[in-house]
Structures are given as structure tokens and as C-alpha cells.
Amino acid sequence: MALAIRHDADLSALSTFRLPARARELIELTAPEQLADLPDSDLPVLILGGGSNTVFLDDWPGRILLNRIAGLHVERLDADHSLVHVGAGESWHQLVLRCMSQGLHGLENLVLIPGSVGAAPIQNIGAYGIELSDVLEAVTAWDWQRRETVALSTADCRLSYRDSRFKSSDHDRFLILSVCLRLSHHFEPKIGYDSLAAELGKRHLASPSPRQLAATVMRLRRHRLPDPARLPNAGSFFKNPVLPRELAEPLLEEFPRMPHWPMGDGRVKLAAGWMIERLGFRGYRIGDAGVYQHHALVLVNHGQATPGQLLDLVEHICKAVDDEYGIALEPEPCLTPGPLLIY
Ligand code: EPU
């Protein structure tokens, strides 16, 4: 199908934080073959999926490729596992539901995460004790450097907590075409995450079915996190800081109530939401940029937030957290254009 190029395109509805921004060119890709038809250009290129992890701080001076590549194919591996090959432009949440309806397990805890499938490996999405790295088998991507399609194993993707080579060292190198997940025919619920265990306990679901587990995760998410369709946001705005044990221990002695999780590699992850809430930021606003009333790790756009208001809010939170805990918070979504030194 011929490629349509939109010029001076409005981006506000393409990012769930909904700051006003425009792009010089916007092109929607629905199939990998269309890459061959892309007109040559020297413009900088940005790939956009569901827009739930990209916050536009300004107009994008180049080309945006909207990744809408569809498709889902299940390949039975053996009695216990299947591989699920999914187009990068599919909705992540719909994928989770479709896999569950086909008796394929492993994604239940990741239900209701906004965004597209292709974005999942970029930031190694995770929730309630599961990360994409637990189920990812491979990624197929277009390599702009080698100008060919490449297959990357999970190890090649260098996934870590909310990070990957796609987000760091090879930031502009790949366009993810499809993702392959290894899912199980047998359901083994992962229910150790504190708030999930508590919610299941409240409902006397010691051994939940896949549907019960997914429904419980959805209830938790709906209760704690704002729906981007009603209150624009980009999910967690900061990563949880990960510190070597020797640096985490004195902090945990000083703040014994701070939630934390040992990472299994000698490092400890600390709850940034707790730190920010404790400093009194829940519900705090600068103009229309605010801290979500029910979860301090989430920043929201109350309607007409400007990039300046958002940056002021971010700087204010980062400074307060640094003053109190000696920790430099890192934003979790991609703030674009350009690298941003906040604090
Ligand atoms: N907490 C507070 N106050 C707050 C927010 C959190 O005290 O205002 C405490 C909670 O009570 C809990 C701890 O902090 O003890 C952790 O909170 P929560 O379980 O909500 O998770 P999180 O660490 O804030 C991470 C992910 C979320 C994911 C949840 C659940 C990151 C950056 N965020 O948030 O992912 O849904 O765990 O697994 O790791 C996202 O990436 O956009 C996202 C929403």
C-alpha cells in the first residue's frame, strides 16, 4: 500500500501525555514491506508506537514513523510451550487478552499496560512481579545501520530494569517489526508482589485462575493509576532508583518504612513513589502539570499543561528528592526532542 506523508502533523493525540506538539512529517507504517517505499530524507527519524511512553516537550523537527504493523501468529513448540509472533503495532493489552483466551500463559500480570507490542522490549515493560524479559524469545527489527532486517535474541536486546539497548546504546538504530514471546500451556501464577498478594488475599484467591489473576491486576491498576483517556499521563514518570546494597542500607536505616526490593545481584530497588509522596507531593500542581492524587510516581496533564510547567514540576520533585534522600531520579518515559538534563 502506498505511503501517505502528512506534513506539519499534530502530535498531541499521539502521545498519552497530550502536550501540544507538531511534526514536520508523519508516516504510518502498516507492513514491514513499506520500509522499501520510504522516500529518502536527511530528517531525524522518531518511531512512535502507542505514545504512552513518549512525552513531546517541543515540536519534532523531522519525520515520525507511526508503527502500526499488525499480525499475530501462534507456533506450537511442544506440549508445554508455544511461540507467539506479534506485529509491533498491535496493542499490548489486546495481546494479553488474546493469549489468555487461547490458553497461553505468562502475561496475566502485564494486563492493561498501555502502549504497543513494539514498545515492550524498548523499556522492558514490567508490572506486579513480571517483566517482559521473563517471556521474550526474540525481536525482529529493521537495522538502519546495516539496512537489513535482523533477528535479535533476548540476550541481544540487553534488557534490564526499564531499559534495553533500544533505549540506550542503540537508541536510533532499530525499528522493531515484531516480537516473539514464549508462553506456557500451563498456568503457574506469579503472585508474590506485595500489593497483588494483599488484594488476592482480601478476595480469598490463594490459587487464582488466569482470569481471576488478570482481573485482580486490572482492579489494582484501575484503582491506583489514572486512565490516560480521562487524565493524560505517561504511567510512572520516574524509574525506581536502583542502588548498590552498601548505599541502600544507610538510607533504609534512616527510613525503615521505605518499600524496597532486593534485585538478586547485590543491588536494591527503592520505591520512588513512596519518597515523593512522603515529601507531600501527591496532588501538587504547577499550572496544569501535576502529581497524581493517588500515586506520586505518576505525573498528569490536567488539561492545558505546557512543557515548561511539566519541566518545572519535574525539576522541583527531583530537587526535593535529592535534598532529602541524596538520590537523583531518572525520568522513565522518553522526553523528546533531545537529551534533557533536568537537575
Ligand atoms: N507508594 C507510596 N506512595 C505512592 C506510590 C507508591 O507509598 O504515592 C508505595 C506503594 O505503597 C508500594 C511501593 O511504593 O509499597 C511501590 O508502589 P507500586 O506497587 O504502585 O509500584 P511502583 O514501584 O510505583 C512500578 C512500575 C509500574 C507498575 C508497578 C506495579 C516503575 C517505574 N513503575 O511502580 O509500572 O505498574 O510497579 O508493578 O517501575 C510504568 O512503568 O509506567 C508503570 C506504571
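This structure is a prediction, so every number in the text was calculated from the model and none was measured. We count ligands from 1, going down the list as the structure has it; atoms in each ligand are counted the same way. Both backbone and side-chain heavy atoms feed into the values below; hydrogens, waters and symmetry mates do not. When a residue number appears, it is its place in the shown sequence, counting from 1.
Interatomic distance, CG of Leu38 versus CG of Leu29, reported as 6.0 Å (0.5 Å rounding).
Using a 4.0 Å cut-off to heavy atoms of Arg221, the atoms of ligand 1 that qualify are 36 (O). Taking every non-hydrogen atom of Ala271 and a distance limit under 4.0 Å, the qualifying atoms of ligand 1 come out as 13 (C), 14 (O). Atoms of ligand 1 lying under 4.0 Å from at least one heavy atom of Ala127, given by number and element, are 36 (O), 38 (O). Here is the list of ligand 1 atoms found below 4.0 Å of a heavy atom in Arg282: 3 (N), 4 (C), 8 (O). Of all atoms in ligand 1, numbered sequentially from 1 with element shown, those under 4.0 Å from a heavy atom of Leu297 are 24 (O). The contact set between ligand 1 and Gly235, taken as ligand atoms under 4.0 Å from a residue heavy atom, comprises 42 (O). Residue Phe238 approaches ligand 1 through these ligand atoms, each under 4.0 Å from one of its heavy atoms: 32 (C).
Of all protein heavy atoms, the one lying nearest to atom 1 (N) of ligand 1 is Trp274 N, 3.8 Å. Residue, atom and distance of the protein heavy atom nearest to atom 23 (O) of ligand 1 are Asn240 ND2, 2.7 Å. Closest to atom 8 (O) of ligand 1, if we only count protein heavy atoms, is Ala296 N, 2.8 Å. Annotation: atom 39 (O) of ligand 1 to nearest protein heavy atom, Tyr161 OH, 2.7 Å. Protein heavy atom nearest atom 26 (C) of ligand 1, with residue, atom name and distance: Arg162 NH2, 3.3 Å. Protein heavy atom at the shortest distance from atom 19 (O) of ligand 1 is Tyr193 OH, 2.6 Å. For atom 38 (O) of ligand 1, the closest heavy atom belonging to the protein is Tyr128 N, 2.6 Å. Among all protein heavy atoms, the one lying closest to atom 3 (N) of ligand 1 is Glu277 OE1, 2.6 Å.
Looking at His295 against ligand 1, both its backbone and its side chain come within 4.0 Å, counting heavy atoms. Only the side chain of Pro259 comes within 4.0 Å of ligand 1, judged by heavy-atom distances. Of all the heavy atoms of Arg224, the ones lying under 4.0 Å from any atom of ligand 1 belong exclusively to the side chain. Residue Arg278 does not touch ligand 1, judged by heavy-atom distances below 4.0 Å.
No donor-acceptor distance shorter than 3.5 angstrom exists from the side chain of Ser236 to the backbone of Phe238, with no hydrogens or angles considered. Here the side chain of Asn240 pairs no donor or acceptor atom with the backbone of Lys269 at under 3.5 angstrom. Side chain of Glu90 to main chain of Gly71: a donor-acceptor pair is present (N/O by atom type, distance under 3.5 Å, no hydrogens or angles). Looking at His185, its side chain does come within 3.5 Å of a backbone N or O of Ala79 through a donor-acceptor pair. Without hydrogens or angle criteria, Arg285 side chain to Gly287 main chain gives a donor-acceptor distance under 3.5 Å. At least one donor-acceptor pair closer than 3.5 Å links the side chain of Asn109 to the backbone N or O of Lys190.
The shortest separation from a heavy atom of Gln123 to ligand 1 is not under 4.0 Å, leaving the residue out of contact. Using a 4.0 Å cutoff on heavy atoms, Tyr292 does not count as a contact of ligand 1. In this structure, Trp261 has a heavy atom closer than 4.0 Å to ligand 1.
Residues Ala234 and Thr16 come closest through the heavy atom pair CA-OG1, 4.1 Å. Considering all non-hydrogen atoms of both residues, Asn124 and Ser160 come closest at ND2-O, 2.9 Å. Considering all non-hydrogen atoms of both residues, Met275 and Tyr325 come closest at O-OH, 3.0 Å.
Aromatic ring pairs are classed by plane angle as parallel below 30°, tilted from 30° to 60° and perpendicular above 60°; the pair Trp261 and Tyr193 is parallel. Using the six-membered ring where Trp is involved, Phe17 and Phe237 have ring planes that are perpendicular, over 60° apart on the 30 and 60° scheme.
At a threshold of 4.5 Å between non-hydrogen side-chain atoms, the residues Arg24 and Leu43 count as touching.
Summarising the contacts of atom 42 (O) of ligand 1 with Gly129, Gly115, Ser236, the nearest heavy atom is found in Ser236.
With respect to Asp323 and Lys319, a salt bridge is recorded, a charged nitrogen being found less than 4.0 Å from a carboxylate O.
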